[in-house]
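Written below as structure tokens is the structure these notes are about.
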Amino acid sequence: MSTTTAIVAGPDDDAIAPALEAAGVDVTRLDGVITRPQLEEAGIVAAELYVLTDVGQATTIPIACDLNDELRTVVYARDTIPEFIKGQLDIAIDPQLMDASVVADELID
């Protein structure tokens, strides 16, 4: 079985990256203002999951989808997702409603 790869973008106050790693996912972290070159360098073209924790960086979702048609996009944040992103988003989860370890288990099933 091959290892699932994920990029977790944004601050990780709710510990989704460690939860994914504990579930056996190979995680690359991105922080700060995220650009297309940073996504490419982080391996977005081959990644299976893109987990965004900062809805202020929501414009990275269409960029990530443009680079990888097979990518599953997840927002794990307390803030509401901008309407223009919802069509390219697979799932949005509020960390106050679902623990990171539960989310990680669901994402790799």
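Keep in mind that this is a model prediction, so the values were computed, not measured.
- For Asp79, there are no salt bridge (charged side-chain N to carboxylate O under 4.0 Å, His left out) partners two or more places apart in sequence or in a different chain.
- In this structure, CG on Leu39 lies 11.0 Å from OG1 on Thr28, to the nearest 0.5 angstrom.
- Without hydrogens or angle criteria, Asp90 side chain to Val74 main chain gives no donor-acceptor distance under 3.5 Å.
- Counting only heavy atoms from C-beta outward, the side chains of Pro18 and Asp12 approach each other to under 4.5 Å.
- Residue Thr3 comes nearest to Gly24 through the heavy atom pair CG2-O, 3.3 Å, listed as atom of the first residue, atom of the second, then distance.
- Enclosure of atom CD in Glu40 by more than 12 non-hydrogen atoms of other residues, nucleotides or ligands within 6.0 angstrom is indicated.
- Checking side-chain atoms of Thr53 against main-chain N and O of Ala9 turns up a donor-acceptor pair under 3.5 Å.
- Take Gln88 and apply the side chain to side chain contact (heavy atoms under 4.5 Å, CB included) test, not counting sequence neighbours, and it matches Ile61, Pro62, Cys65.
- Residues Asp31 and Pro11 come closest through the heavy atom pair OD1-N, 3.6 Å.
- A side chain to side chain contact (heavy atoms under 4.5 Å, CB included) with Val75 is found for one member of Val51, Ile91, Asp54, Leu52 and no other, namely Leu52.
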Exercise. Go through the steps for Thr60 and Gln57 under the test side-chain contact (heavy atoms from CB on, under 4.5 Å), then give the verdict.
Key: CA-CA 6 Å; Thr60 62; Gln57 302 260 6; 3.9 Å; yes
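- With Arg78 as reference, Asp14 is the one residue of Asp94, Asp14, Asp13 to meet the salt bridge (charged side-chain N to carboxylate O under 4.0 Å, His left out) rule.
- With hydrophobic clusters built from ILVMFWY side chains whose heavy atoms lie under 4.5 angstrom apart, Leu107 does not share a cluster with Ile81.
- The shortest side-chain heavy-atom distance between Leu49 and Ile7 does not fall under the 4.5 Å cut-off.
- In this structure, Arg29 contributes its side chain and Val8 its backbone to a donor-acceptor pair below 3.5 Å.
- Considering OG1 of Thr5 and OH of Tyr50, their distance stands at 14.0 Å, rounded to 0.5 Å.
- Side chains of Thr80 and Val55 form no contact here, defined as non-hydrogen atoms less than 4.5 Å apart.
- In this structure, Asp66 and Arg36 have side chains that are in contact, with non-hydrogen atoms separated by less than 4.5 Å.
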